[in-house]
Amino acid sequence: MPATITVASADHADLDDVALLFDAYRRFYRQPSDIEGARRFLQARMDADESAILVARMPEHDGPVGFTQLYPFFSSVRMRGLWVLNDLF
């Protein structure tokens, strides 16, 4: 039977869990660990509504198993807003 993965928008209740994933993501790119900095960065994005953070969960795991962060930008040619997938872990 295939694993069930659910994806939902992250909110402030998810912040500590997502900060751990975000820190692991940054370490993958050879950045030093900074969980508190990751938490502050993500909280600032949430507070200012500057990004969309999605969290992936699996029932057999205690916390989230992945996340993605998208940032808004505008296309003059398309005359509309779009989202850029910047982080995927």
Side-chain angles (χ1 to χ4, degrees):
M1 178 154 209
T4 301
I5 299 173
T6 59
V7 178
S9 293
D11 59 25
H12 284 85
D14 300 306
L15 190 54
D16 289 335
D17 287 336
V18 176
L20 292 173
L21 290 171
F22 189 73
D23 187 66
Y25 167 75
R26 292 183 67 254
R27 283 186 285 121
F28 175 82
Y29 287 104
R30 296 185 171 93
Q31 299 302 306
S33 180
D34 183 357
I35 295 171
E36 188 52 39
R39 190 181 192 292
R40 282 192 310 269
F41 179 84
L42 293 170
Q43 182 166 2
R45 302 296 70 74
M46 287 179 174
D47 291 348
D49 201 23
E50 293 177 338
S51 71
I53 302 170
L54 304 175
V55 180
R57 288 184 166 70
M58 297 175 72
E60 59 270 17
H61 293 273
D62 289 334
V65 295
F67 83 98
T68 188
Q69 185 165 210
L70 302 105
Y71 291 97
F73 85 102
F74 295 93
S75 169
S76 299
V77 173
R78 294 183 178 148
M79 295 188 298
R80 64 183 175 126
L82 301 170
W83 291 93
V84 174
L85 191 155
N86 197 70
D87 308 316
L88 177 63
F89 185 75

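Please read these numbers as outputs of a predicted model, since none were measured by experiment.
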Nearest heavy-atom neighbours spanning [X] and [Y]:
X	Y	result
S51	P72	CA-CD, 4.4 Å
R26	P32	NH1-O, 3.3 Å
A38	A19	CB-O, 3.8 Å

Tell me the side chain to side chain donor-acceptor pair (under 3.5 Å) pairs involving residues 2-13, sequence neighbours left out?
H12-D47
Test of understanding: with side chain to side chain donor-acceptor pair (under 3.5 Å), list the residues that count as partners of R27, not counting sequence neighbours.
D23
Using side chain to side chain donor-acceptor pair (under 3.5 Å) as the criterion, list what pairs up with H61, not counting sequence neighbours.
none
The complete set of salt bridge (Lys or Arg N to Asp or Glu O under 4.0 Å) pairs with one or both residues in residues 48-69, sequence neighbours excluded, reads D14-R57, R45-E50
Co-members of the apolar cluster containing [X] [side chain, <4.5 Å]:
X	value
M79	none
V77	none
I35	L20

How about F73: does its CZ atom have over 12 heavy atoms from other parts shown lying under 6.0 Å from it?
yes
What about [X] and [Y], same hydrophobic cluster or not, with Ile/Leu/Val/Met/Phe/Trp/Tyr joined at side-chain heavy-atom distances under 4.5 Å?
X	Y	value
L21	F28	yes
L54	L42	no
M46	V18	yes

Restricting to salt bridge (Lys or Arg N to Asp or Glu O under 4.0 Å), what partner residues turn up for R39, sequence neighbours left out?
D16
Return all side-chain donor-acceptor pairs below 3.5 angstrom for residues 81-89, not counting sequence neighbours, or 'none' if the list is empty.
| from | atom 1 | to | atom 2 | distance (Å) |
| --- | --- | --- | --- | --- |
| D87 | OD1 | Y25 | OH | 2.9 |
| D87 | OD2 | Q69 | NE2 | 2.8 |

Flag the pair D17 / V55 as yes when at least one side-chain heavy-atom distance between them is below 4.5 Å, and no otherwise.
no
